[in-house]
Amino acid sequence: ATPGGEVTLAELPLREDLQGRTPYGAPQLDVPIRLNTNENPYPPPPELVDDVAEAVRAEAASLHRYPDRDAVALRTDLADYLTVSTRVVLSEANVWAANGSNEILQQILQAFGGPGRTALGFEPSYSMHPIIATGTRTDWLPVPRRADFSLDTEQAAKAVAERKPDIVFVTSPNNPTGGSIPLEQLRGVLDAAPGIVVVDEAYAEFSSQASAIELIAEYPAKLIVSRTMSKAFAFAGGRLGYLAAAPAIVDALQLVRLPYHLSELTQAAARAALRHADATLASVHRLSAERDRVVEALLGLGFTPVPSDANFVLFGQFGDAAASWQSYLDHGVLIRDVGIEGHLRVTVGTPEENDAFLEASKEVQR
Ligand code: PMP
């Protein structure tokens, strides 16, 4: 018997607002084709693997010491990457890093949300935004997108002006629906917001739109752009997320971050991975082309894919999405039921994986 196994969750003195909740839970199943968590399907190239291994080995000799609490070298490398890719000149003072962008988002809510404060998001969107809000006791204000899942930014700005949230989340490209929004439309939301606006750009590298990083100089007291190495950078297992913002925002997050939150191993591995950015990011073009091929093929099969600017596609129409998700799984293809009626989401994989998905799509129950 497991020690303590007789005690159930219902018997614990859990916070009232957490009772009855379910944790974030994309199933981690051992199936041949896994297209469910928007990872990059291409493993890191051998040179990157060697470089990470060497960098970690070098750090292993000094693991008796705490890491650089401020992760200055890594933040400098991230700032250099953003400067090159967005042509907005940033320094390490503009960048903060954490264990995945989920931790970045949690730190933002700890600093700018909390009891008595509100966060607003346009749904359906990334399911962790309301979960992290709840975890920090920030009240969540959901505002619906259009029926076609696009964001009516005029309505969005109106909702923000009316409800005056302390934090607004705009996910661009939006997960799980795939669309991104132009900077001109984002300005309307920023102008209406009384507090912080977090633009979650986890999928920015796949997008045809300019990055909101271009607006930081215009909205220094409001705008935070969050990014991750989990998607385009093929570094999901490394756990490295970051943000770009005015230096004062980075100062604010120092008040809530745990000391030494980023291990020396993480910092060294992420820096090594960044040295190979050109090689990993070369996959972005291939994946975007594959995405367009998958969309065309789905249309040809009579599905209704939602236009995507990311490395995944939301598509319908299913009579019973949960049953169809299971039907894909029975064909050895794991995709995602994101809880949107009649729809499922598929991550763009390698051409072979996408072919397997499309073959299964011909046979699954609709
Ligand atoms: N934001 C969005 C929109 C996402 O889709 C994800 C990952 N699914 C994240 C943030 C978090 O990713 P990570 O913690 O791996 O950086």
Side-chain angles (χ1 to χ4, degrees), residues 23-28 34-41 44 71 74 78 81-82 95-110 119 121-133 135 142 145 149 151 167-181 186 197-207 209 211-212 224-244 253 257 261-263 266-267 269-270 273-274 280 287 291 306 308-314 334-340 345-349:
Y24 172 91
Q28 292 194 302
R34 284 187 292 166
L35 300 173
N36 70 327
T37 45
N38 300 344
E39 293 142 319
N40 191 319
L74 171 60
L78 290 165
Y81 161 67
L82 291 178
V95 173
W96 182 240
N99 296 283
S101 53
N102 283 329
E103 188 180 23
I104 289 283
L105 299 175
Q106 185 175 54
Q107 292 179 348
I108 293 170
L109 279 152
Q110 286 175 325
F122 306 102
E123 297 193 337
S125 189
Y126 182 41
S127 61
M128 279 305 296
H129 294 159
I131 292 177
I132 297 172
R145 290 171 167 264
F149 307 118
L151 184 62
I167 301 169
V168 178
F169 284 98
V170 180
T171 314
S172 183
N174 189 47
N175 177 19
T177 59
S180 52
I181 64 169
L186 191 57
V197 175
V198 179
V199 181
D200 184 336
E201 290 193 350
Y203 303 95
E205 283 87 354
F206 299 99
S207 174
Q209 295 294 340
S211 169
I224 303 178
V225 182
S226 78
R227 292 278 191 114
T228 182
M229 290 180 68
S230 296
K231 314 296 178 180
F233 272 104
F235 199 67
R239 307 306 298 131
L240 203 291
Y242 56 105
L243 64 74
L253 299 188
R257 59 108 179 89
H261 67 299
L262 264 187
S263 86
T266 301
Q267 294 185 40
L274 281 167
T280 31
L287 290 168
R291 171 194 66 211
V306 178
S308 172
D309 219 11
N311 66 333
F312 54 83
V313 180
L314 184 75
L334 177 60
I335 60 172
R336 190 74 172 273
D337 179 359
V338 288
I340 299 178
R345 188 194 70 191
V346 63
T347 303
V348 177

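Atoms within a ligand are numbered from 1 in the order they appear, just like the ligands themselves.
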_Part of Ala202 within contact of ligand 1 (heavy atoms, under 4.0 Å)_ =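 Contact part for Ala202 vs ligand 1: side chain (C-beta onward).
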*Would you tell me which option among Glu201, Arg227, Lys231 has the nearest heavy-atom contact to atom 7 (C) of ligand 1?*
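Among Glu201, Arg227, Lys231, the closest heavy atom to atom 7 (C) of ligand 1 comes from Lys231.
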*Starting from atom 1 (N) of ligand 1, locate the nearest protein heavy atom and write down its residue, its atom name and how far away it is, to 0.1 Å.*
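The closest heavy atom on the protein side is Asp200 OD2, 2.7 Å.
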_Starting from atom 12 (O) of ligand 1, what is the nearest protein heavy atom, named by residue and atom, and what distance separates them?_
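Nearest protein contact, heavy atoms only, for atom 12 (O) of ligand 1 is Ser101 OG, 3.4 Å.
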*State, yes or no, whether a side-chain contact exists between Asn174 and Phe122 at a heavy-atom distance under 4.5 Å.*
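A side-chain contact is absent here, since even the closest heavy-atom pair is not under 4.5 Å.
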*Tyr126 vs His129 aromatic rings, parallel, tilted or perpendicular, using cut-offs 30° and 60°?*
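Aromatic pair Tyr126/His129 classed perpendicular.
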Considering only heavy atoms of [X], which atoms of ligand 1 have at least one such atom less than 4.0 Å away?
X	value
Arg239	13 (P), 14 (O), 15 (O)
Thr171	3 (C)
Gly100	14 (O), 16 (O)

Backbone or side chain, does any N or O of [X] fall under 3.5 Å from an N or O of ligand 1?
X	answer
Tyr24	no
Asn175	yes
Ser230	yes

*asked:* Looking at Arg257 and Glu103, is any side-chain nitrogen of the basic one under 4.0 Å from a carboxylate oxygen of the acidic one?
replied: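 Salt bridge between Glu103 and Arg257, a charged N being under 4.0 Å from a carboxylate O: no.
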*Any donor-acceptor pair under 3.5 Å linking the side chain of Ser101 with the backbone of Ile104?*
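Side chain of Ser101 to backbone of Ile104, a donor-acceptor pair under 3.5 Å: no, none is there.
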*Between the side chain of Arg345 and the main-chain N/O of Ile335, is any donor-acceptor distance below 3.5 Å?*
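Here the side-chain-to-backbone pair does not exist.
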*Could you tell me whether the side chains of Gln209 and Ser172 share a donor-acceptor contact shorter than 3.5 Å?*
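Gln209 vs Ser172: no donor-acceptor pair found between side chains.
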_Does the residue Asn38 have a heavy-atom contact with ligand 1, meaning some pair of atoms that are separated by less than 4.0 Å?_
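No, Asn38 has no heavy atom closer than 4.0 Å to ligand 1.
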*Measure the OG-CH2 distance between Ser226 and Trp96 for me, rounded to the nearest 0.5 Å.*
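Rounded to the nearest 0.5 Å, the OG-CH2 separation comes to 15.0 Å.
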_Take a 6.0 Å sphere around CZ of Arg336 and say whether it holds more than 12 heavy atoms from other residues, nucleotides or ligands._
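Yes, because the 6.0 Å sphere around CZ of Arg336 holds more than 12 heavy atoms from other groups.
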